[in-house]
Trainee: 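The structure under discussion is supplied below as structure tokens; questions concerning it will follow.
Counting starts at 1 for both ligands and their atoms, in listed order.
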Amino acid sequence: MDESSLISHEAYGRDIVGVLISRHRIAARLDELAKCITETYPEGELTIVAALTGAMIFLSDLIRRLPLRLRLDVVRVSSYPHRATASREPSVPIASAGDLPGRHVLVVDDILDTGKTLELIRGLVLSAGAASARTCVLMSKRRDDLPARVAADFVGFDIEDQFVVGYGLDYGDLYRNLPDICLLRELAGGNGR
Ligand code: IMP
Ligand code: MG
């Protein structure tokens, strides 16, 4: 656990047990990730399709590091009903990306768990006629119980199978505004699965 940064949001009081990934580590890793992504698209053009709401902060920090001719679209996918910590079947996006035929697309999400969300969006993007569809997540959870799970093409951090909040990720719609990736006291040591 990264103890180097202090929890700055008093509003959450004792809910947070600690920082797993500090804002400083996130920023440093995003520089590396952005470099890899930029090098992967030598043609200099990219369309990002991002999953809301969790990827919002990651997305905004990432795209400002990408010196590409970039188009952005978002889809809204819901896989965690209120206060659930184990993902369900993701439901179909209520808004879908527009002008995709022939475009190179990068699907961006906050975290890879079962992989269903990314696969759902990737499938939609490909069936909309995209020339390519790669995937990028800030975090990928270790899931030894899912050996056939798809891997993302770009991963910021590999983490243990634990429930995390902050930097866009929520639990019961709270904690998205924490600047660091944090662990909740209530769920520490388990994933609720
Ligand atoms: P998957 O479809 O099982 O891969 O689940 C991915 C989605 O579940 C992500 O888009 C997140 O919104 C959500 N999710 C998975 N793990 C966590 C977590 O630890 N904290 C918050 N949201 C999570
Ligand atoms: Mg999500």
Trainee: Identify, by atom number and element, the atoms of ligand 1 in contact range of D110, meaning under 4.0 Å from any of its heavy atoms.
Mentor: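 Under 4.0 Å from D110, ligand 1 has these atoms: 9 (C), 10 (O), 11 (C), 12 (O).
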Trainee: Salt bridge check, R143 against D113: does any charged N sit closer than 4.0 Å to a carboxylate O?
Mentor: yes
Trainee: For the residue pair L30 and L62, what are the closest heavy atoms and their distance?
Mentor: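 That would be CD2-N, 4.0 Å.
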Trainee: Considering all heavy atoms of both residues, which atom of I111 and which atom of V137 are nearest to each other, and what is their separation?
Mentor: C-CG1, 4.2 Å
Trainee: Looking at D161 and R142, does any basic side-chain N land under 4.0 Å from a carboxylate oxygen?
Mentor: no
Trainee: Can you confirm, on distance only, whether ligand 1 has an N/O atom lying under 3.5 Å from any N/O atom belonging to V164?
Mentor: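 Yes: some nitrogen or oxygen of V164 is under 3.5 Å from one in ligand 1.
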Trainee: Any idea which atoms of ligand 1 are less than 4.0 Å away from a heavy-atom of D109?
Mentor: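 The list of qualifying atoms is 9 (C), 10 (O).
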Trainee: Is it the side chain, the backbone, both or neither of K141 that has a heavy atom closer than 4.0 Å to ligand 1?
Mentor: side chain
Trainee: Need the ligand 1 atom indices (1-based, order shown) with element for anything under 4.0 Å from a heavy-atom of D170.
Mentor: 21 (C)
Trainee: Any chance the side chains of Y171 and D15 put a donor and an acceptor closer than 3.5 Å?
Mentor: no
Trainee: For ligand 1, which atoms, with element, lie under 4.0 Å from some heavy atom of L169?
Mentor: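 Listed by number with element, the hits are 20 (N), 21 (C), 22 (N).
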Trainee: G115 to ligand 1: N or O pair under 3.5 Å?
Mentor: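 There is such a contact, yes.
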Trainee: If the cut-off is 4.0 Å to any non-hydrogen atom of T117, which atoms of ligand 1 fall inside it?
Mentor: 1 (P), 2 (O), 5 (O), 6 (C), 7 (C)
Trainee: Under 4.0 Å from a heavy atom of Q162: give me the atoms of ligand 1 that qualify, with their elements.
Mentor: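 Heavy-atom distances to Q162 below 4.0 Å select 19 (O).
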Trainee: Kindly compute the distance separating CG (L184) from CD1 (I16), expressed to the nearest 0.5 Å.
Mentor: 4.5 Å
Trainee: Heavy-atom pairs closer than 4.0 Å: do any link ligand 1 to the side chain of T114, the backbone, both, or neither?
Mentor: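 It is both backbone and side chain that touch ligand 1.
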Trainee: Check ligand 1 against K116 and write out every atom of the ligand that is under 4.0 Å from a heavy-atom position of the residue.
Mentor: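 Checking each atom against K116, I get 2 (O), 4 (O).
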Trainee: Where on D113 is there a heavy atom closer than 4.0 Å to ligand 1, on the side chain, on the backbone, on both, or on neither?
Mentor: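 Both backbone and side chain.
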Trainee: If you compare all heavy atoms of R149 against all heavy atoms of S140, which two are closest, and at what distance to 0.1 Å?
Mentor: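 Nearest pair, atom of R149 first, then S140: NH2-OG, 3.3 Å.
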Trainee: Salt bridge check, K116 against E119: does any charged N sit closer than 4.0 Å to a carboxylate O?
Mentor: no
